[in-house]
Amino acid sequence: MIKILLFAQLQEEVGQSQVTMDTSEATVQQVKVWLEKQYTLTSLQQTMAAVNEEFATDDTIVTSGDTVAFIPPISGG
């Protein structure tokens with residue numbers, strides 16, 4: 001099981017700050033695709049990802065017990 005943390009707009013779209021994906025292994029990209037299908041997300045591809053608190057790419061392998069966080073871009077003025 002992979003723990004997925006969501007922030008800002010993603011948290012609002014899903015209605016929860018975290019969800020779990022029941023799989024033993026996936027890439028970050030596969031987690032994104034799963035989230036998009038489960039929750040009909042529209043802004044996930046613009047986020048940065050972190051696995052176990054370290055930034056990760058779409059090709060990073062995530063295994064059971066890992067935590068993936070999706071962090072939306074921050075804008076300000």
Side-chain angles (χ1 to χ4, degrees):
M1 184 176 309
I2 297 169
K3 181 178 176 180
I4 303 166
L5 303 179
L6 304 166
F7 299 95
Q9 181 181 347
L10 294 173
Q11 188 177 96
E12 292 175 16
E13 288 183 60
V14 171
Q16 302 175 62
S17 61
Q18 66 182 40
V19 297
T20 57
M21 180 180 180
D22 191 20
T23 186
S24 59
E25 183 177 293
T27 64
V28 168
Q29 180 62 34
Q30 289 171 320
V31 174
K32 286 180 177 180
V33 169
W34 179 82
L35 273 174
E36 288 173 335
K37 288 182 180 176
Q38 291 293 313
Y39 299 101
T40 318
L41 299 178
T42 58
S43 60
L44 192 57
Q45 294 302 324
Q46 292 86 32
T47 63
M48 296 189 68
V51 175
N52 298 329
E53 300 183 13
E54 294 194 19
F55 285 110
T57 67
D58 285 347
D59 296 330
T60 300
I61 303 292
V62 184
T63 58
S64 184
D66 286 345
T67 299
V68 181
F70 290 107
I71 306 153
I74 297 171
S75 62

Interatomic distance, CZ@Phe70 vs CG@Leu41, rounded to 0.5 Å, equals 9.5 Å
Note: Thr20 and Trp34 closest approach over all heavy atoms is O-CH2, 3.3 Å
Members sharing Ile71's hydrophobic cluster, built from side-chain contacts under 4.5 Å between Ile, Leu, Val, Met, Phe, Trp and Tyr, are Leu5, Phe7, Met48, Phe55
With sequence neighbours left out, the residues meeting side chain to side chain contact (heavy atoms under 4.5 Å, CB included) with Thr57 are Asp59, Thr60
Please check if the side chain of Ser17 supplies one atom and the backbone of Leu6 the other of a donor-acceptor pair under 3.5 Å.
no
Applying side-chain hydrogen bond (donor to acceptor under 3.5 Å, both in side chains) to Gln11 and not counting sequence neighbours gives none
Residue set satisfying side-chain hydrogen bond (donor to acceptor under 3.5 Å, both in side chains) with Thr63, at least two apart, ordered chain then number -> Asp66
query: So does Gln46 have more than 12 non-hydrogen atoms from other groups sitting under 6.0 Å from CD?
result: yes
| message | Are Leu35 and Val19 packed together at the side-chain level, in the sense that at least one heavy-atom pair is separated by less than 4.5 angstrom? | response | yes
List the atom pairs, with distances to 0.1 Å, where a side-chain N or O of residues 24-33 and a protein N or O form a donor-acceptor pair under 3.5 Å, not counting sequence neighbours.
from	atom 1	to	atom 2	distance (Å)
Thr27	OG1	Gln29	N	3.4
Thr27	OG1	Gln30	N	3.0
Thr27	OG1	Gln30	OE1	3.4
Gln30	OE1	Thr27	N	2.8
Lys32	NZ	Asp58	OD1	2.8

For residues 2-24, the salt bridge (Lys or Arg N to Asp or Glu O under 4.0 Å) pairs (sequence neighbours left out) are none
